[in-house]
There are 2 protein chains.
Amino acid sequence: MKIYLIEDDLEMQELLTDYLQNHDYTVFAFDDPVIALEALSSRNDYDLVILDLMLPKLDGFDVCKKIRLISNVPIIISSARGNLGDKVAAFEYGADDYLAKPYEPKELLIRMDAIFRRIKGLVGVQQIGEFQIDERKMEILQDGYPLELTRIEYEIFILLLHHPNQVLSREYISGHLKGENYNLKDRAIDMHISNLRSKLFDDFKSPKYIKSIWGVGYKFIG
Amino acid sequence: MKIYLIEDDLEMQELLTDYLQNHDYTVFAFDDPVIALEALSSRNDYDLVILDLMLPKLDGFDVCKKIRLISNVPIIISSARGNLGDKVAAFEYGADDYLAKPYEPKELLIRMDAIFRRIKGLVGVQQIGEFQIDERKMEILQDGYPLELTRIEYEIFILLLHHPNQVLSREYISGHLKGENYNLKDRAIDMHISNLRSKLFDDFKSPKYIKSIWGVGYKFIG
DNA sequence: TTAAATGTAAATTTTTTGTAAAAAAGTATA
DNA sequence: TATACTTTTTTACAAAAAATTTACATTTAA
């Protein structure tokens with residue numbers, strides 16, 4: 001991941017550069033905002049900009065504005081000015097976060113991660129064994145390949161995945177599906193499980209994923 | 001936009017509720033995290049959670065974790081504890097931002113906006129696949145050529161474009177159009193989607209752009 | 001061995017969706 | 001204001017998809 005750091009306090013610049021490099025980021029540091037803007041507009045290989053507000057030649061807000069004209073790269077403001085007015089202006093001009101100096105480099109790092117996670121849509125994606133649940137997409141991937149599930153199949157499978165190795169009774173399943181008030185009869189559930197198994201290429205006699213618990217219900221083997 | 005506020009300090013709760021309501025947000029306030037979690041898991045109509053860390057019964061971090069199991073809703077931590085360790089933990093558990101009390105409500109507001117903007121892809125240039133949104137002209141260009149959309153078609157399509165690959169329920173669509181005061185019935189939405197598809201030369205049986213998610217809603221394929 | 005429970009193919013029912021066409025609501029124009 | 005035009009919503013019905021039930025074979029525990 002490539003970070004553009006625009007910071008004219010060379011001591012701070014070096015500190016942040018070292019810290020980020022130690023955390024596997026590639027850092028391009030600039031003390032001149034004009035040169036930084038030139039670099040940004042000629043290249044397109046940056047993943048995040050860390051921007052100081054007090055800069056020579058050009059005001060940090062202007063830099064922010066100018067970046068937004070050419071790119072939607074995440075921008076974190078790193079500034080000694082921490083009053084509300086500056087924050088309002090920064091967010092107004094399109095910044096994603098604002099850190100008031102002095103701050104722990106670690107905090108910069110976790111805020112960067114939060115932004116990346118949000119941008120990449122990684123929030124809410126859960127990995128359970130070889131299955132990946134993306135609730136926003138309403139999709140479950142098995143080893144990266146999407147399963148073609150109907151709505152109830154999807155919801156039953158999510159319920160199972162969320163309770164690995166626990167026996168879920170048919171009653172529990174029927175009562176805990178997300179969304180409307182389903183009222184699934186036992187045999188309907190059996191049918192859905194059967195269809196789920198076939199889509200997972202699972203075999204009820206020696207199940208890899210969904211085990212029948214005789215007299216009770218089903219269990220996901222996690 | 002619907003905000004879930006989980007805060008047991010009733011004074012703070014009222015202050016934030018009033019402030020946010022004055023800024024056109026619908027606020028559901030909870031002082032009991034268990035009840036809040038129940039509400040979150042049974043409904044799916046929230047756009048953001050503001051979460052205090054010090055709560056009765058359940059630790060705020062646990063609440064955060066539990067929310068992440070069922071939703072990718074943006075979470076902003078609002079806590080009296082402001083040390084680095086708490087921040088690290090909060091972001092670790094999937095929070096999007098962290099405000100240490102006391103803070104100006106205005107700062108909460110601008111940080112919320114920054115998150116929404118980022119989620120909706122409203123930052124900077126709006127090019128989504130072969131579509132380019134020109135909000136000033138109220139136009140959507142496909143490969144440079146403007147689509148002839150009516151107002152509601154335009155707004156529905158923007159909503160879809162801003163959530164690529166995500167399943168949007170009819171309820172969500174109806175509740176999140178720009179004008180905000182629409183109250184589209186399900187079949188009206190279907191009709192608009194049908195008209196949109198025909199203008200995009202899309203085919204519902206093997207859609208290139210708008211896929212129907214049976215029993216739920218629609219999804220833009222991005 | 002037997003009665004209860006489960007698996008599942010096939011049939012059936014229910015729900016949801018697509019869309020044409022009509023009706024209603026909203027805008028613009030003369 | 002009256003009129004034509006546009007947009008939006010509703011209605012209605014066919015088609016599609018999903019969910020459920022049925023029926024019978026199979027499996028299981030006692």
Side-chain angles (χ1 to χ4, degrees), chain A residues 138 140 147-160 167-175 177-221, chain B residues 138-140 147-160 167-175 177-220:
Chain A
M138 245 189 86
I140 300 178
L147 296 168
E148 302 272 340
L149 306 179
T150 70
R151 179 148 77 130
I152 296 190
E153 284 163 15
Y154 169 81
E155 297 196 352
I156 291 180
F157 196 34
I158 289 221
L159 202 61
L160 288 168
V167 184
L168 303 189
S169 70
R170 293 179 178 74
E171 194 191 350
Y172 182 89
I173 291 171
S174 171
L177 296 182
K178 211 173 161 187
E180 347 269 290
N181 271 1
Y182 298 99
N183 204 334
L184 300 197
K185 298 277 174 302
D186 289 357
R187 302 322 314 283
I189 293 176
D190 293 346
M191 207 54 240
H192 289 304
I193 293 284
S194 168
N195 291 329
L196 256 174
R197 278 182 173 142
S198 97
K199 289 179 183 181
L200 296 167
F201 300 102
D202 205 12
D203 171 21
F204 76 94
K205 284 177 191 165
S206 53
K208 199 174 160 204
Y209 305 115
I210 302 175
K211 188 168 170 13
S212 305
I213 308 301
W214 206 89
V216 191
Y218 298 96
K219 169 206 273 199
F220 172 72
I221 306 166
Chain B
M138 250 191 75
E139 246 181 15
I140 300 177
L147 295 167
E148 301 273 338
L149 306 180
T150 70
R151 185 139 88 103
I152 295 190
E153 284 162 14
Y154 168 80
E155 298 197 351
I156 291 180
F157 196 34
I158 288 225
L159 202 60
L160 288 168
V167 182
L168 303 190
S169 70
R170 293 180 178 73
E171 194 190 3
Y172 183 90
I173 291 172
S174 170
L177 297 181
K178 271 282 177 48
E180 197 78 35
N181 267 358
Y182 299 98
N183 204 334
L184 298 197
K185 297 277 174 303
D186 289 356
R187 301 323 313 280
I189 293 176
D190 292 346
M191 209 52 241
H192 290 304
I193 294 283
S194 171
N195 293 328
L196 257 173
R197 277 182 174 144
S198 94
K199 289 180 182 180
L200 295 167
F201 300 102
D202 205 10
D203 171 21
F204 77 94
K205 284 179 190 163
S206 52
K208 199 175 161 205
Y209 304 115
I210 303 175
K211 187 169 169 14
S212 304
I213 307 301
W214 205 92
V216 189
Y218 298 96
K219 172 200 271 202
F220 172 73

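Letters A, B, ... are given to chains in the order of the sequence lines, protein chains preceding strands, and every chain is numbered from 1. Every heavy atom of this structure was used, including side-chain atoms; hydrogens, water molecules and symmetry mates were not.
- Each of A:Trp214 and B:Gly217 was assigned the nucleotide of DNA chain C with the nearest heavy atom; the assignment lying further toward the 5' end belongs to A:Trp214.
- Of the residues in residues 204-213 of chain A, those with a non-hydrogen atom less than 4.0 angstrom from any atom of DNA chain C are A:Phe204, A:Ser212, A:Ile213.
- When rounded to the nearest whole Å, the span between CG of B:Asn183 and P of C:dA25 equals 15 Å.
- Distances shorter than 4.0 Å separate some side-chain N or O of A:Thr150 from OP1 or OP2 on D:dA19.
- Within 6.0 Å of CD in B:Glu139 there are more than 12 heavy atoms belonging to other residues, nucleotides or ligands.
- Protein atom CD of B:Glu153 is 14 Å distant from nucleotide atom C1' of C:dT19, rounded to whole Å.
- Heavy-atom nearest nucleotides on DNA chain D were determined for B:Leu149 and for A:Leu149, and the one closer to the 5' end corresponds to B:Leu149.
- Atom CD of B:Glu148 and atom P of D:dT6 are 12 Å apart (whole Å).
- A donor and an acceptor atom sit less than 3.5 Å apart, one in the side chain of A:Arg187 and one in the base of C:dG7.
- In this structure, A:Asp202 contributes its side chain and A:Lys208 its backbone to a donor-acceptor pair below 3.5 Å.
- A distance-only check finds a donor-acceptor pair linking the side chain of B:Lys199 to the backbone of B:Glu148 [under 3.5 Å].
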For this session: Carefully, step by step, assess A:Tyr218 and A:Asp190 under the rule side-chain contact (heavy atoms from CB on, under 4.5 Å).
Result: CA-CA 9 Å; A:Tyr218 298 96; A:Asp190 293 346; 2.7 Å; yes
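- Rounded to an integer number of Å, the gap from CG of A:Leu168 to C1' of C:dT6 is 17 Å.
- Atoms OH (A:Tyr182) and C1' (D:dA19) sit 11 Å apart, rounded to a whole Å.
- A distance-only check finds no donor-acceptor pair linking the side chain of B:Arg197 to the backbone of B:Phe204 [under 3.5 Å].
- Atom CG in A:Leu177 sits about 13 Å away from atom C1' in D:dA19, given to the nearest Å.
- By the 30° and 60° cut-offs, the orientation of the rings of A:Phe220 relative to A:Tyr209 is parallel.
- Residues from residues 189-203 of chain B placing a heavy atom under 4.0 Å of any atom in DNA chain D, listed by number, are B:Met191, B:His192.
- Minimum atom distance to the side chain of A:Leu184 is reached by D:dT20, of the listed D:dT21, D:dT20, D:dA19.
- In this entry the distance linking CZ of B:Arg151 with P of C:dA25 reads 18 Å, nearest Å.
- B:Ile156 pairs with exactly one of B:Thr150, B:Ile173, B:Leu168 by the side chain to side chain contact (heavy atoms under 4.5 Å, CB included) rule, that one being B:Ile173.
- Within 6.0 Å of atom NZ in B:Lys211, 12 or fewer heavy atoms from other residues, nucleotides or ligands are found, so the atom counts as exposed in its surroundings.
- Going from atom CE of B:Met138 over to atom C1' of D:dT7 covers 12 Å, rounded to whole Å.
- The residue A:Tyr218 sits close only to the backbone: its heavy atoms come under 4.0 Å of sugar-phosphate atoms, none of a base.
- Closest approach of A:Glu153 and A:Asn195 over heavy atoms only: OE2-CB, 3.5 Å.
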